Colleague: 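Here it is, the structure, as structure tokens.
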Amino acid sequence: MSKIKVIPCSGIGKVFGLLARESVLMVTQEKCPNDTETLCLAHVVTGDDEVVGKIKGETCITMDGCAKCCAKKSVEETGGIVVKSHKVPDFMKAHRGEEHGTGTYLTEDGWKYAEELAEILVEDVKEIKKGEN
Amino acid sequence: MIENKIGVISCSGEECLGGTISRLAVRKMMEELKPGMVSTLCLPLFIAGDGGEREFAEKYPTIAVDGCSKCCAKRAIEKYSNAVAGSVDVAEIIGEAKALEKPLSTRNLTDEHMEYVKQAADKTSQIFDEIVAKSV
Ligand code: SF4
Ligand code: SF4
């Protein structure tokens, strides 16, 4: 079974893109390294045969920084099967009034939020793995 | 003068260190080296946006900042928008082997990594200045 692809948008302009990126790196490098991996979204955007081969028909989870859903749309466009997709602002309710940082760095509250987003992704991974067994 | 209309787009690659460096080099351009003079764009908007993004490199002379020799930002900009005015390949600055190391969270960046960011941003800034000089 190939690893689940977890792909953030890494949006450059605002903190939400960095939150998406950092939460995915937590999952692929620390929390579920054996079950997940990530791919360069910019490579996906090029539509290269090499990256299409890696993603086509594969189970993917996306984490986007805004409602434009760039990761979800780009992955789908390339043939990846997006079984779970999230947007960072969807989980903001409990974090209103907090300062999370910028597109360059996260504050302490930002790291807590990224951790929470990572746990949401971990739950997705567990659910997908349960369905596979 | 086209000084406040130069586009700088990074690949922000998630699979390797070069992508982390390219992203931070563009942020450094925006915040420290050329504040107010840089236009940027989330690269995947070329697919996910409403189409207006495809005019980006036609409207602005654009510099692509890529994390490795695959040069995804450069190729995506040229595929969807227009020829780039300049490009930076982080792997040419820090070496391909280093660029292909695993990606780093911003909380694990060392002084060595920040030096790579500085070098990539300085190179981008130099290209920026050359474009401005040509336009005068
Ligand atoms: S989803 Fe939003 S933040 Fe993320 S890359 Fe697209 S436009 Fe940028
Ligand atoms: S240029 Fe390299 S680091 Fe950047 S997105 Fe492409 S493969 Fe990833």
Side-chain angles (χ1 to χ4, degrees), chain A residues 5-26 28-30 33 37-48 50-51 54 62-78 101-106 108 110-111 114-115 118, chain B residues 7-20 22-32 38-50 52-53 64-68 70-81 99-100 102-109 114 117 121:
Chain A
K5 315 285 182 273
V6 189
I7 302 171
C9 74
S10 294
I12 187 90
K14 297 205 177 88
V15 69
F16 288 149
L18 182 58
L19 283 162
R21 180 183 181 89
E22 293 290 356
S23 66
V24 167
L25 291 179
M26 282 179 192
T28 57
Q29 295 188 341
E30 297 164 26
E37 63 186 354
T38 194
L39 290 174
C40 288
L41 185 61
H43 198 197
V44 172
V45 169
T46 64
D48 280 359
E50 183 195 348
V51 76
K54 282 188 193 168
T62 55
M63 180 61 82
D64 274 304
C66 79
K68 297 236 182 341
C69 293
C70 291
K72 180 174 188 277
K73 288 182 193 163
S74 307
V75 167
E76 282 174 345
E77 184 89 6
T78 322
T102 68
T104 306
Y105 73 93
L106 297 183
E108 204 175 308
W111 284 111
E115 176 74 32
Chain B
V8 183
I9 299 183
S10 76
C11 75
S12 296
E14 289 84 2
E15 276 179 89
C16 59
L17 177 63
T20 306
S22 75
R23 178 190 169 83
L24 288 171
V26 168
R27 292 291 315 183
K28 200 175 178 70
M29 283 289 288
M30 293 161 68
E31 290 171 336
E32 292 172 36
V38 167
S39 286
T40 192
L41 180 74
C42 295
L43 183 85
L45 275 173
F46 283 128
I47 285 184
D50 58 16
E53 294 80 8
V65 184
D66 275 303
C68 77
K70 286 203 178 87
C71 293
C72 297
K74 177 174 188 269
R75 290 187 299 116
I77 295 163
E78 298 200 328
K79 177 174 175 179
Y80 294 106
S81 189
L100 294 179
K102 73 178 174 76
L104 270 189
S105 162
T106 52
R107 64 184 161 170
N108 295 330
L109 292 168
M114 293 317 291
V117 172

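Each chain gets a letter, A, B and so on, in the order its sequence line appears, and its residues count up from 1. This one's a predicted model, so the numbers in the text were calculated from it and none came from an experiment.
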Colleague: Is A/Leu39 close to chain B through its backbone or its side chain, or both, or neither, when contacts mean heavy atoms under 4.5 Å?
Modeller: both
Colleague: What residue, out of B/Pro103, B/Cys11, B/Gly19, B/Ala73, has the most heavy-atom pairs lying under 4.5 Å from chain A?
Modeller: B/Pro103
Colleague: Rounded to the nearest 0.5 Å, how far does OG1 of A/Thr46 lie from CD of B/Glu78?
Modeller: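 The CD atom of B/Glu78 sits 13.0 Å away from the OG1 atom of A/Thr46.
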Colleague: For chain B, which of A/Lys68, A/Lys72, A/Glu76 has the most heavy-atom pairs under 4.5 Å?
Modeller: A/Lys68
Colleague: If you count heavy-atom pairs within less than 4.5 Å of chain A, which of B/Asp50, B/Asp66, B/Ile47 leads?
Modeller: B/Ile47
Colleague: Once rounded to the nearest 0.5 Å, what's the spacing between atom OG of A/Ser74 and atom CG of B/Leu43?
Modeller: 8.5 Å
Colleague: Return yes if some donor-acceptor pair links the side-chain N/O of B/Arg75 with the main-chain N/O of A/His43 below 3.5 Å, else return no.
Modeller: no
Colleague: Does A/Thr102 reach the side chain of B/Arg27, with side-chain heavy atoms less than 4.5 Å apart?
Modeller: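 Side-chain contact under 4.5 Å: yes.
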Colleague: Specify the closest pair of heavy atoms between B/Pro44 and A/Val45, including all atoms of both residues, with the distance to one decimal.
Modeller: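 B/Pro44 and A/Val45 have their closest heavy atoms at CA-CG2, 3.8 Å.
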Colleague: Do A/Arg21 and B/Thr106 pair up side chain to side chain, a donor and an acceptor below 3.5 Å, judged on atom types alone?
Modeller: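 The answer is no; no qualifying pair exists.
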Colleague: Could you check whether B/Arg107 pairs with A/Glu30 (Lys NZ or Arg NE/NH1/NH2 to Asp/Glu carboxylate O, under 4.0 Å)?
Modeller: yes
Colleague: Which atoms of A/Leu18 are under 4.5 Å from chain B, going by heavy atoms: the side chain, the backbone, both sets, or neither?
Modeller: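 Answer is both: backbone and side chain atoms of A/Leu18 are under 4.5 Å from chain B.
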Colleague: Over all heavy atoms of both residues, which pair between A/Cys70 and B/Ala48 is shortest? Give the atoms and the distance, please.
Modeller: CA-CB, 3.5 Å
Colleague: Counting N and O atoms only, with roles assigned by atom type, does the side chain of B/Glu14 sit under 3.5 Å from a partner on the main chain of A/Leu41, one being a donor and the other an acceptor?
Modeller: yes
Colleague: Where does A/Glu50 contact chain B at under 4.5 Å (heavy atoms): side chain, backbone, both or neither?
Modeller: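 For A/Glu50, the contact with chain B is made by the side chain alone.
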Colleague: Quick one: CG on A/Leu25 to OG1 on B/Thr20, what's the gap to the nearest 0.5 Å?
Modeller: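 It comes to 6.5 Å.
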